[in-house]
Asker: 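Just passing along the structure, written as structure tokens.
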Amino acid sequence: KRFVTRLHNTRSYGSICSALYVPGNQERMLNKVLQFEPNVVVPDIEDSVPPLKKPDARKMINAKLPELRQKMPESTYIFPRPNDLETEWFYDDIDQVVCPKTKNLIDGFCIPKVNNKEMVQEIDEALNKLEAKLDLKQGTYKVIAQIETTESITKMDEIFQTGKNRIIAGAFGA
């Protein structure tokens with residue numbers, strides 16, 4: 001089970017009380033999410049998607065973004081969840097979930113297994129490159145950092161301090 005906690009209030013992001021994770025390779029489930037009004041929709045490429053289906057999930061999420069953004073309440077944030085930084089899939093996930101046509105349809109990424117400040121710095125660099133490629137202002141994409149390990153719990157202060165310009169919330173889970 002996961003829950004999201006708000007780190008701080010910003011002008012553009014209010015309280016985050018509910019997050020709905022949905023497998024990114026399941027079109028039926030992506031359609032069903034439209035029946036609900038969570039604070040955050042998290043189209044997932046990580047745990048809920050088998051390795052061989054990850055490319056399909058990236059494509060499906062990208063294709064469904066216009067409909068999700070159009071039909072979800074304006075107050076609902078969309079934060080796709082890529083695989084974690086230490087996998088072979090992280091960079092493909094963030095590069096392929098959005099494209100020039102869908103770049104403005106997400107609010108950021110829900111990043112799993114953020115364990116330390118070095119990972120935060122690497123995530124920030126990756127998102128900076130993605131934003132530059134998409135001709136977006138640096139810092140456009142925000143991050144919900146998932147705290148899932150003993151290391152990340154003991155290093156939460158450094159994680160959130162290092163990511164203070166990009167991380168808007170932490171999600172705790174195992």
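Residues: numbered from 1 along the sequence shown.
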Asker: Which pair of heavy atoms, one from P23 and one from S48, lies closest together, and at what distance?
Answerer: CA-OG, 3.3 Å
Asker: Per the ring pair (Phe, Tyr, Trp, His ring centres under 6.0 Å) rule, what does the pair list look like for residues 38-68, sequence neighbours excluded?
Answerer: none
Asker: Could you check if a side-chain atom of F172 sits within less than 4.5 angstrom of a side-chain atom of M156, using non-hydrogen atoms only?
Answerer: yes
Asker: Salt bridge (charged side-chain N to carboxylate O under 4.0 Å, His left out) with K71: which residues, sequence neighbours excluded?
Answerer: E67
Asker: Go through the steps to decide whether K142 and F79 satisfy the test side-chain contact (heavy atoms from CB on, under 4.5 Å), and finish with yes or no.
Answerer: CA-CA 8 Å; K142 300 303 180 190; F79 278 79; 4.1 Å; yes
Asker: Is it true that, when you exclude Q35 itself, more than 12 heavy atoms of the residues, nucleotides or ligands shown sit nearer than 6.0 Å to its CD?
Answerer: yes
Asker: Rounded to the nearest 0.5 Å, how far apart are CD1 of I159 and CD1 of I153?
Answerer: 9.5 Å
Asker: Could you list the residues that satisfy side-chain contact (heavy atoms from CB on, under 4.5 Å) with P73, not counting sequence neighbours?
Answerer: E37, S75, T76
Asker: Can you name the residues that form a side-chain contact (heavy atoms from CB on, under 4.5 Å) with K117, not counting sequence neighbours?
Answerer: E158, T162
Asker: Among all residues two or more places apart in sequence or in another chain, which pass the side-chain hydrogen bond (donor to acceptor under 3.5 Å, both in side chains) test with N116?
Answerer: E151
Asker: Are N115 and M119 close enough, and set up right, to give a side-chain contact (heavy atoms from CB on, under 4.5 Å), and what steps lead you there?
Answerer: CA-CA 7 Å; N115 293 328; M119 291 180 93; 3.5 Å; yes
Asker: Once salt bridge (Lys or Arg N to Asp or Glu O under 4.0 Å) is applied, what residue pairs with a partner in residues 16-34 remain, sequence neighbours excluded?
Answerer: none
Asker: Let me see the working for D124 and N128 under side-chain contact (heavy atoms from CB on, under 4.5 Å), right down to the final yes or no.
Answerer: CA-CA 6 Å; D124 188 51; N128 283 340; 3.6 Å; yes
Asker: Once ring pair (Phe, Tyr, Trp, His ring centres under 6.0 Å) is applied, what residue pairs with a partner in residues 102-138 remain, sequence neighbours excluded?
Answerer: F109-Y141
Asker: Between CD1 of I147 and OG1 of T150, what distance do you get to the nearest 0.5 Å?
Answerer: 12.0 Å
Asker: Listed by chain and number, what are the salt bridge (charged side-chain N to carboxylate O under 4.0 Å, His left out) partners of K54, not counting sequence neighbours?
Answerer: none
Asker: Given I144 and I167, is the side-chain contact (heavy atoms from CB on, under 4.5 Å) satisfied, shown in steps?
Answerer: CA-CA 6 Å; I144 296 174; I167 297 175; over 6 Å; no
Asker: Testing the basics here: between P82 and P80, what is the closest heavy-atom pair and its distance to 0.1 Å?
Answerer: CD-O, 3.4 Å
Asker: Going by heavy atoms in the side chains, are Y21 and C110 under 4.5 Å from each other?
Answerer: yes
Asker: Do you know the tightest heavy-atom contact between G24 and M60?
Answerer: O-CB, 3.4 Å
Asker: Once you round to the nearest 0.5 Å, how far does CD1 of I78 lie from CG of L105?
Answerer: 7.0 Å
Asker: Can you check whether L20 reaches V40 side chain to side chain, under 4.5 Å on heavy atoms?
Answerer: no
Asker: In Å, rounded to the nearest 0.5 Å, how long is the span from NZ of K64 to CD1 of I61?
Answerer: 11.5 Å
Asker: With sequence neighbours excluded, tell me which residues meet side-chain hydrogen bond (donor to acceptor under 3.5 Å, both in side chains) with N62.
Answerer: T102
Asker: Please name all residues satisfying side-chain hydrogen bond (donor to acceptor under 3.5 Å, both in side chains) with E131, sequence neighbours left out, ordered by chain then number.
Answerer: R166
Asker: What pairs of residues pass the side-chain hydrogen bond (donor to acceptor under 3.5 Å, both in side chains) test when at least one of them lies in residues 85-95, not counting sequence neighbours?
Answerer: R58-D93, N83-D93, Y91-E122
Asker: Does atom NZ of K113 have more than 12 heavy-atom neighbours, drawn from other residues, nucleotides or ligands, at distances under 6.0 Å?
Answerer: yes
Asker: Please name the pair of heavy atoms, one in F160 and one in A169, separated by the smallest distance, quoted to 0.1 Å.
Answerer: CE2-O, 4.2 Å
Asker: With sequence neighbours excluded, what pairs up with A57 under the side-chain contact (heavy atoms from CB on, under 4.5 Å) test?
Answerer: N25, I45, V49
Asker: Which atoms form the tightest heavy-atom contact between I94 and A126, and what is the distance?
Answerer: CD1-CB, 3.9 Å
Asker: Between E46 (side chain) and R81 (backbone), is there a donor-acceptor pair under 3.5 Å?
Answerer: no
Asker: Which heavy atom of D107 sits nearest a heavy atom of R69, and at what distance?
Answerer: OD2-NH1, 3.5 Å
Asker: Any side-chain heavy atom of L68 sitting closer than 4.5 Å to one from L34?
Answerer: yes
Asker: Could you give the distance from CD (Q26) to CG (D44), rounded to the nearest 0.5 Å?
Answerer: 11.0 Å
